[in-house]
Amino acid sequence: MCVRYLHQDERVVRWARNRQAQLPDEDWRRFDNESFPGSIAPILIDKQLVMAKWGLIPPWAQDEQFGKKNAYNARAETVAEKPTFAAAFRLRRCLVPATAFFERNSGRWIEFTGPDEVMAFAGLYEPPNHLSSGPSFAFVTTEPNDFVAEIHDRMPVILSPEEGDMWMDQHALAADLRALLTPCPVEWLTAVDAGPIGVKRNSGQDSLFEM
């Protein structure tokens with residue numbers, strides 16, 4: 001499961017503007033560029049970038065920590081059927097912009113980045129409800145490609161711009177959406193050792209893998 005990712009504001013702003021999206025009114029400096037479950041982070045809903053809590057909170061949840069504990073990642077294999085995610089899969093799909101994601105291996109963080117400034121994860125969201133004053137979201141994970149498999153047994157679903165448009169299309173067929181939930185090509189990713197778990201990341205990172 002992915003429990004940590006980055007969304008550097010300047011890069012996300014450029015990405016959103018390239019998609020002709022409206023930007024949020026909030027002062028982004030109030031939010032960290034690094035997210036863990038329960039953090040506030042930007043997501044793209046239709047043509048609007050909004051701030052949302054990482055950890056999807058369905059309307060029937062009874063615990064405000066439900067998303068943080070149980071629903072920050074949605075498995076591609078069960079996303080259309082699992083009660084937590086099924087309605088959002090049908091009706092409330094979004095994109096989650098990320099500039100890097102991390103997986104854990106042998107007590108260390110491995111940081112993965114893509115060929116572009118921003119990677120677009122396939123996401124799901126819920127609107128505000130009795131437990132959440134703003135939107136909440138999760139992103140979909142799938143089996144890893146051969147590159148990520150050396151480190152972890154899951155990875156986020158990373159979409160190309162064209163695939164992102166299809167994912168956001170409210171008229172898309174379920175079968176077409178499922179077909180998007182596969183690992184990205186190996187050549188999309190590079191990785192570096194980002195330091196021991198429990199130690200704040202630093203800028204002096206040595207390359208671990210190259211593709």
Side-chain angles (χ1 to χ4, degrees), residues 1-9 11-12 15 31-44 52-56 65 67-79 82 84-85 94-125 136-160 163-164 167 180-211:
M1 294 186 292
C2 184
V3 298
R4 181 186 178 196
Y5 76 100
L6 299 180
H7 42 88
Q8 293 172 322
D9 290 347
R11 297 183 183 184
V12 171
W15 173 83
F31 301 100
D32 199 335
N33 285 332
E34 184 174 27
S35 281
F36 296 87
S39 297
I40 302 296
I43 62 174
L44 185 69
K53 181 178 287 189
W54 185 15
L56 188 139
Q65 298 298 312
K68 180 179 179 179
K69 295 175 181 176
N70 307 303
Y72 48 90
N73 291 165
R75 293 178 67 92
E77 298 86 347
T78 58
V79 66
K82 190 171 182 179
T84 301
F85 303 116
C94 64
L95 296 179
V96 181
T99 52
F101 70 92
F102 298 81
E103 299 295 358
R104 293 172 285 195
N105 181 263
S106 300
R108 302 187 71 81
W109 288 111
I110 307 302
E111 179 180 353
F112 292 90
T113 55
D116 300 319
E117 282 197 321
V118 172
M119 295 176 283
F121 297 163
L124 311 170
Y125 75 95
S136 59
F137 73 96
F139 55 76
V140 185
T141 65
T142 186
E143 60 185 11
N145 60 27
D146 290 343
F147 184 52
V148 178
E150 297 183 30
I151 301 300
H152 202 265
D153 62 358
R154 303 292 294 178
M155 66 176 291
V157 172
I158 304 171
L159 302 175
S160 70
E163 290 170 335
W167 179 252
L180 298 174
L181 304 181
T182 57
C184 72
V186 166
E187 60 269 20
W188 283 17
L189 298 175
T190 58
V192 295
D193 185 332
I197 293 171
V199 176
K200 190 172 181 63
R201 72 191 296 267
N202 57 62
S203 58
Q205 298 167 342
D206 296 325
S207 179
L208 182 66
F209 301 113
E210 287 189 18
M211 297 302 299

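All values reported here derive from a predicted model rather than from experimental measurement.
A pairwise comparison of heavy atoms in Asp193 and Arg108 identifies OD2-NE, 2.7 Å as the closest pair.
Residue Leu189 holds its CG atom at 7.0 Å from CE of Met119, rounded to the nearest 0.5 Å. A distance of 5.5 Å separates NZ of Lys53 from CD1 of Ile40, quoted to the nearest 0.5 Å. To the nearest 0.5 Å, atom OG1 of residue Thr84 and atom CG of residue Leu124 are 11.0 Å apart. Residue Ser106 holds its OG atom at 7.5 Å from CD1 of Ile151, rounded to the nearest 0.5 Å. Interatomic distance, CG of Asn105 versus NE2 of His152, reported as 9.0 Å (0.5 Å rounding).
For Phe139 and Tyr5, the ring centers are positioned less than 6.0 Å apart.
The backbone N or O of Cys94 lies less than 3.5 Å from a partner atom in the side chain of Trp167, making a donor-acceptor pair. Side chain of Thr113 to backbone of Ala100: no donor-acceptor contact under 3.5 angstrom is found. Under a 3.5 Å cut-off, the side chain of Asn145 and the backbone N or O of Cys184 do form a donor-acceptor pair. The backbone N or O of Val118 lies less than 3.5 Å from no partner atom in the side chain of Asp116, so there is not a single donor-acceptor pair.
The side chain to side chain donor-acceptor pair (under 3.5 Å) test applied to Ser39 returns no partner, not counting sequence neighbours.
Taking 4.5 Å as the limit, every side-chain heavy atom of Val192 sits out of range of all side-chain heavy atoms of Ile110. Residues Thr142 and Met155 are in side-chain contact: their nearest non-hydrogen atoms beyond the backbone lie under 4.5 Å apart. Using a 4.5 Å cut-off on side-chain heavy atoms (C-beta onward), Val157 and Thr182 make no contact. Contact of the His7 side chain with the Ser35 side chain is registered, since non-hydrogen atoms from C-beta on lie closer than 4.5 Å. Between Leu95 and Phe121, the closest side-chain pair of non-hydrogen atoms is not below 4.5 Å. Side-chain contact between Asn33 and Asp9: present, with at least one pair of heavy atoms (C-beta onward) separated by less than 4.5 Å.
Within the cation-pi definition used here (under 6.0 Å to the ring centroid, within 45° of the axis), Arg4 does not qualify as a partner of Phe36.
Using a 4.0 Å cut-off between a side-chain N of Lys or Arg and a carboxylate O of Asp or Glu, Glu111 and Arg104 do not qualify as a salt bridge.
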>> Could you walk me through whether Phe147 and Phe112 satisfy the side-chain contact (heavy atoms from CB on, under 4.5 Å) test, starting with their C-alpha distance in whole Å, then the side-chain angles of each, then the deciding distance to 0.1 Å, before giving a yes or no?
In response: CA-CA 10 Å; Phe147 184 52; Phe112 292 90; 3.9 Å; yes
>> One pair to check against side-chain contact (heavy atoms from CB on, under 4.5 Å): Glu103 and Cys2. What are the steps and the verdict?
In response: CA-CA 6 Å; Glu103 299 295 358; Cys2 184; 3.9 Å; yes
>> Apply side-chain hydrogen bond (donor to acceptor under 3.5 Å, both in side chains) to residues Thr99 and Arg11 and explain how you reach the verdict.
In response: CA-CA 8 Å; Thr99 52; Arg11 297 183 183 184; 5.0 Å; no
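Taking the six-membered ring for Trp and thresholds of 30 and 60 degrees, Trp54 and Phe137 have nearly parallel ring planes, at less than 30 degrees apart.
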